[in-house]
Amino acid sequence: MWGLVPLYWPLLEPAGAMEILAHRMVWSLAFVAIGLLVLRRWRWIPELIRQPRKLGLIAVAAVTISLNWGFYIWAVNTGHVVEASLGYFINPLVTIAMGVLLLKERLRPAQWTAVFIALTAVLVLAIGYGQPPWISLVLAFSFATYGLVKKKINIGGLESLAAETAVLFLPALGYLVWLGASGSATFGSEGTGQMALLAATGVVTALPLICFGAAAIRVPLSTLGLLQYLAPVFQFVLGITYFHEAMPPERWAGFSLVWLALVILTWDALRNARRTRSEALRLTAEAAAATTAASGSGSAQAEAPLPVTEPAPSRPREPDPR
């Protein structure tokens with residue numbers, strides 16, 4: 001669904017990116033509220049309200065994901081689908097770089113190699129475009145920042161989306177009311193079909209996220225990471241085959257370097273996961289063996305025959321004085 005969403009935004013024209021974004025926020029909250037009502041998941045709200053720090057982080061998350069959404073919609077509707085897909089290709093590499101710079105994480109040699117190759121790719125693409133690939137970089141950094149903030153918030157996907165859209169609901173609704181008052185709104189002026197499509201942005205936003213949240217607790221993390229590459233792959237293919245965007249040699253060279261970096265990164269992640277799993281199995285086996293040995297020693301001690309003691313020699317009976 002995330003990979004095919006570039007086909008959806010052009011259907012909303014002549015609505016601009018800001019109007020689409022505002023509708024996306026408003027209708028997403030409505031859709032998520034219905035989901036929470038059906039599932040009866042409201043207990044987290046009072047607890048969240050009592051935590052100002054977490055509320056602040058949710059506000060930051062809401063702003064960064066709105067920036068990401070807005071740029072993405074604008075990029076698709078202005079013929080930059082391929083460049084938008086590049087942003088999500090380099091997002092894992094930007095996330096790693098932010099982990100090093102902000103969280104002081106240590107990288108393995110293969111991860112350093114992937115980061116340097118990605119930097120080279122950005123340089124090649126900047127030369128090819130005549131300027132840095134700003135759309136890709138804004139999308140990658142905004143989504144990486146969103147992921148970093150979400151890591152600190154640590155609440156469920158449905159609840160998090162509800163909180164984020166609630167933060168921006170009033171500004172988005174106010175913007176739509178202003179558009180309507182000024183006569184610039186397309187909602188209601190382009191027919192019921194376009195109204196339904198704008199309202200369905202809530203479903204388009206929330207449904208993939210709900211599916212992702214459901215998959216995250218059922219699918220191994222390594223598999224989940226690999227599956228996330230499908231979205232930019234679909235977007236890239238759509239950009240070339242459906243939207244007929246140009247791919248000059250320098251752009252192919254830059255994308256090839258990004259893909260090489262992702263191959264190295266994925267190979268290193270799978271190898272590290274396999275090594276960690278093997279080490280965990282080894283430690284589990286050693287612990288089980290030690291437990292078995294200890295219980296066996298105790299059983300042997302419990303089942304050992306008692307030492308046989310010879311009976312004391314019986315004294316001869318005294319003769320009866322009678």
Side-chain angles (χ1 to χ4, degrees), residues 2-3 5-6 9 16-18 20-21 24 60-105 107 111-152 164 205 225 228-240 243 245-266 269:
W2 273 328
V5 78
W9 305 129
M18 285 298 294
I20 296 172
L21 178 62
R24 191 176 185 180
V60 173
V63 171
T64 54
I65 197 60
S66 298
L67 178 66
N68 184 272
W69 287 352
F71 257 86
Y72 183 70
I73 296 168
W74 174 83
V76 170
N77 285 355
T78 55
H80 296 89
V81 177
V82 170
E83 193 173 350
S85 73
L86 176 64
Y88 294 105
F89 274 125
I90 65 176
N91 173 65
L93 300 160
V94 173
T95 300
I96 289 175
M98 291 178 69
V100 173
L101 296 175
L102 301 179
L103 303 180
K104 307 303 180 184
E105 295 179 354
L107 298 187
Q111 291 175 313
W112 277 116
T113 303
V115 170
F116 282 125
I117 292 175
L119 291 174
T120 306
V122 171
L123 180 61
V124 169
L125 289 167
I127 295 172
Y129 281 110
Q131 61 179 3
W134 293 116
I135 295 174
S136 305
L137 293 174
V138 169
L139 289 174
F141 275 91
S142 61
F143 200 75
T145 303
Y146 176 70
L148 180 66
V149 176
K150 291 270 284 186
K151 182 180 177 67
K152 294 182 178 294
E164 291 157 19
T205 299
Q228 289 187 71
Y229 290 133
L230 288 177
V233 166
F234 286 168
Q235 294 164 15
F236 176 77
V237 172
L238 285 174
I240 295 175
F243 294 99
E245 294 186 15
M247 280 295 290
E250 59 272 14
R251 191 177 289 188
W252 278 111
F255 268 83
S256 299
L257 286 171
V258 170
W259 294 332
L260 175 61
L262 291 176
V263 167
I264 294 173
L265 192 66
T266 303

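Numbers for residues simply follow the sequence, beginning at 1.
Taken from CG in Leu260 to OG1 in Thr113, the straight-line distance is 9.5 Å, to the nearest 0.5 Å. Between the CG atom in Leu262 and the CG atom in Leu93 there is a gap of 5.0 Å [rounded to 0.5 Å]. Of the inter-residue distances, the one linking Gln111 atom CD with Leu265 atom CG reads 6.0 Å to the nearest 0.5 angstrom. A distance of 11.0 Å separates CD in Gln235 from CH2 in Trp2, rounded to the nearest 0.5 Å. In this structure, the separation between OG1 on Thr64 and CZ on Phe141 is 14.0 Å, given to the nearest 0.5 Å. Taken from OH in Tyr229 to CG in Asn91, the straight-line distance is 9.0 Å, to the nearest 0.5 Å.
The two residues Pro232 and Tyr88 come nearest to each other via the heavy atoms CB-CB, 4.0 Å. For the pair Thr205 and Arg24, the tightest heavy-atom approach, listed with the atom from each and the gap, is OG1-NE, 2.5 Å. Between Leu257 and Ala121, the shortest heavy-atom contact is CB-CB, 3.6 Å. Asn68 and Leu139 make their closest contact through ND2-O, 3.1 Å (heavy atoms, listed as atom of the first residue, atom of the second, distance). A pairwise comparison of heavy atoms in Gly254 and Val124 identifies N-CG1, 3.9 Å as the closest pair. Pro6 approaches Phe243 most closely through the heavy-atom pair O-CZ, 3.6 Å.
Applying the salt bridge (charged side-chain N to carboxylate O under 4.0 Å, His left out) rule to pairs touching residues 129-150 yields Lys150-Glu164, sequence neighbours excluded.
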- prompt: Given Glu250 and Leu125, is the side chain to side chain contact (heavy atoms under 4.5 Å, CB included) satisfied, shown in steps?
  reply: CA-CA 7 Å; Glu250 59 272 14; Leu125 289 167; over 6 Å; no

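Looking at Ser136, its side chain does come within 3.5 Å of a backbone N or O of Glu83 through a donor-acceptor pair. Glu245 contributes no side-chain N or O that, together with a main-chain N or O of Ile240, makes up a donor-acceptor pair within less than 3.5 Å. Between the side chain of Trp69 and the backbone N or O of Leu21, no donor-acceptor pair lies under 3.5 Å.
For Phe71, the ring pair (Phe, Tyr, Trp, His ring centres under 6.0 Å) criterion is met by no residue, not counting sequence neighbours. Residues forming a side chain to side chain contact (heavy atoms under 4.5 Å, CB included) with Trp134 (at least two apart in sequence, or on another chain): Gln131, Pro132, Leu137.
Between Phe255 and Phe236, the ring centre distance stays below 6.0 Å.
A 4.5 Å side-chain heavy-atom check between Phe143 and Ile65 finds at least one atom pair inside the cut-off.
No donor-acceptor contact under 3.5 angstrom links the side chains of Tyr72 and Asn77, judged on distance only.
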